[in-house]
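Below is one structure; the comments refer to it alone.
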Amino acid sequence: MSATPESKAAVTELTGGPIDELQWRGLIAQSTDEQALRSVMAAGPITYYCGFDPTAPSLHIGNLVQLLTMRRIQEAGHLPLGLVGGATGLIGDPRMSGERVLNSTDTVAEWVDRIRTQVEKYLDFDGRFAARIVNNLDWTAPLSAIDFLRDIGKHFRMGRMLGKETVSARLNSDDGLSFTEFSYQILQGMDFLELNKRYGCVLQTGGNDQWGNLTSGTELIRKVTGNEVHALATPLITKADGTKFGKTESGTVWLDPALTSPYAFYQFWINSDDRDVDRYLKVFTFRDAEGLAELAEATAGRPHAREAQRALAGDVTTLVHGQAATDQVIAASGALFGRGEIAAVDEPTLTAALSEAGLTDITGPLPTIVELLQISGLASSGSDARRTIAEGGANINNQRISDPDHVPDVGDLLAGGLLVLRRGKRTVAGVRLRS
RNA sequence: GGUAGGUUGCCCGAGUGGCCAAAGGGAGCUGACUGUAAAUCAGCCGCGCAAGCUACGGGAGUUCGAAUCUCUCACCUACCA
């Protein structure tokens, strides 16, 4: 059920080196001794890990960077440990924005299951470099407070802990910082130590914002075992316009199709800025340098074709939601944004497209365009709807409507009793008349 | 605890009795251009078809009339201690 079977086949022997690969893809923000890491990796398969905390019912596209980084390293011939934070999720990583509200243990347990399933999708559990899923609750829960303080706590120095960027920022904020969140870095450090003991894990990867937590583990291992282990941080993914990556008007772009529909997911990627798309292709797809050069050329020479955006959206959607969902979404997007006659689109495609975009069932006589815009959620109020119409931004079945009192005719209904409403260039919604 | 200043629409910020649904900027929306991109230009940007209604921290007043004046409560800031 993995999205790229051909890349699975690539999991064979040690190759040139994942570090070079990660580097040209722009995936290394900082690392511990890189030369040492290179030679360790060249000497044979290593075991590495990356953790995912259950802070939500699903992972999001920010986590995808980590998942794919793990995957790339596995394909280069190393053994991944996917860690789900059953324990750390109960504590909460300190954020700049203030103290977290603790989630109930039941909630966290449920999210752990969901997230484990998601992580599993991106790793290969067969063959010589088979992945393994671990849960830090397994070694954290049995630990007594006394053992924790004596065996682990003794290795952590307050000065070092207080110096962490987020910790000091929080201490200086009005919110302050609870002991609970302050302890988080110890737990994460402990994970690395535990995985080092159990599986010989020598590398932790993570986002650059996790750097403090990553090094917390490398330092703990050095103190306890005297061994040098490594940490590798991926950069924060940015957008050329300066806004936050991974958000849309409706919020976070989740990996769970129930939270972000495959259609919305695909639309997110296809709307990528020209200035960002090449970088995203490197980070989020498995295309090689040659393929990316071609796409970069396409963006420069034939920007209107949007080849790079299509490639990006297609690849990532396939990776996350599978080929079938992607085919459907591409057909849907084509139907809604295509130049062709919308009435020519077959009913299943149209229904699927509108379901993805947002479909509302109505009964009774057909309402006016003003009401339709409100019912479908395209306009927030009657005034808003009228304004849009006056501005020439309201369309039914790709026909501009300029009369606010316009009522669509039964003859306007497409197959299945559907009407395609569009506000402006790219906001589409459907209404279906149920008799 | 004392004194002074502040709290305006999604955000910033003008406005000190009628001309204020409230300047200006940002965000956002729409159009033109176009490529479901960016930039640019233009329009829009509380609710209501409208009459009108609701709004300038909360409450109570003064006035024909208040975002603007008075009282009071809450919160924030600065200086004093």
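Values reported hereafter were calculated over all heavy atoms of this structure, with side chains retained and with hydrogens, waters and symmetry mates removed. Here is the naming used below: chain letters follow the sequence lines, and residue numbers restart at 1 for every chain.
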Please determine, for the side chain of [X], which listed nucleotide ([options]) has the closest atom?
X: Asp274(A); options: G35(B), U36(B), G31(B); answer: G35(B)
X: Ser383(A); options: U36(B), G48(B), A38(B); answer: G48(B)
X: Asn271(A); options: U36(B), G35(B), A32(B); answer: U36(B)

Is there a side-chain contact between [X] and the phosphate of [N], meaning an N or O under 4.0 Å from OP1 or OP2?
X: Lys425(A); N: A37(B); result: yes
X: Thr299(A); N: A37(B); result: no
X: Arg386(A); N: C49(B); result: yes
X: Ser381(A); N: C47(B); result: yes
X: Arg426(A); N: A37(B); result: yes

Both distances under 3.5 Å, Watson-Crick or G-U wobble: report the partner of [N], or none.
N: A51(B); result: none
N: A42(B); result: U30(B)
N: A78(B); result: U3(B)
N: U63(B); result: none
N: G9(B); result: none
N: A37(B); result: none

NA contact type, [X], heavy-atom cut-off 4.0 Å: base, sugar-phosphate, or nothing?
X: Asp273(A); result: sugar-phosphate
X: Arg306(A); result: base
X: Arg310(A); result: nothing

Practice task
Quick one: list whatever passes side chain to side chain contact (heavy atoms under 4.5 Å, CB included) with Arg279(A), sequence neighbours left out.
Solution key: Thr238(A), Asp276(A)
Roughly, in whole Å, what's the span from [atom1] in [X] to [atom2] in [N]?
X: Leu373(A); N: C44(B); atom1: CG; atom2: P; value: 20 Å
X: Leu312(A); N: G35(B); atom1: CG; atom2: P; value: 21 Å
X: Arg302(A); N: A38(B); atom1: CZ; atom2: P; value: 21 Å
X: Trp269(A); N: A37(B); atom1: CH2; atom2: P; value: 18 Å
X: Asp276(A); N: G35(B); atom1: CG; atom2: P; value: 21 Å
X: Ile330(A); N: U36(B); atom1: CD1; atom2: C1'; value: 14 Å
X: Asp384(A); N: U30(B); atom1: CG; atom2: C1'; value: 10 Å

Problem - Comparing Gly393(A) and Val370(A) on RNA chain B - which has the more 5′ nearest nucleotide - result: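 The residue closer to the strand's 5' end, by nearest nucleotide, is Gly393(A).
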Problem - Closest-nucleotide 5' rank along RNA chain B - winner of Gly382(A) and Ser272(A) - result: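 On the 5' side of the pair lies Ser272(A).
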Problem - Test item: Leu67(A) and Phe52(A) side chains (from C-beta on) under 4.5 Å apart, heavy atoms - result: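 Answer yes - side chains close enough.
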Handout entry: Side-chain heavy atoms of Asp209(A) within contact of Asn213(A), under 4.5 Å
Key =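 When only atoms from C-beta onward are counted, Asn213(A) and Asp209(A) do not touch, as no gap falls below 4.5 Å.
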Exercise for the section: State which residues pass ring pair (Phe, Tyr, Trp, His ring centres under 6.0 Å) with Tyr263(A); sequence neighbours excluded, sorted by chain then number. Expected result: none
Problem - Sequence-distant partners of Phe156(A), ring pair (Phe, Tyr, Trp, His ring centres under 6.0 Å), two or more places apart - result: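 Not a single residue meets the ring pair (Phe, Tyr, Trp, His ring centres under 6.0 Å) criterion with Phe156(A).
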Exercise for the section: Count the heavy atoms of every other residue, nucleotide or ligand shown that sit under 6.0 Å from CD of Gln23(A), and state whether that count exceeds 12. Expected result: yes
With 3.5 Å as the limit, what N/O pairs link the protein to nucleotides 41-43 of chain B?
unit_1 : atom_1 : unit_2    : atom_2 : d
G43(B) : N2     : Glu391(A) : OE2    : 2.8

Exercise for the section: Would you mind telling me which of Leu433(A), Val431(A), Thr351(A) makes a side-chain contact (heavy atoms from CB on, under 4.5 Å) with Leu418(A)? Expected result: Thr351(A)
Which donor-acceptor pairs under 3.5 Å do the side chains of residues 404-414 of chain A make with protein atoms, sequence neighbours left out?
unit_1    : atom_1 : unit_2    : atom_2 : d
Asp409(A) : OD2    : Gly411(A) : N      : 2.8
Asp412(A) : OD2    : Asp409(A) : N      : 2.8

Problem - Under the side-chain hydrogen bond (donor to acceptor under 3.5 Å, both in side chains) test, residues paired with Arg72(A) that sit two or more places apart - result: none
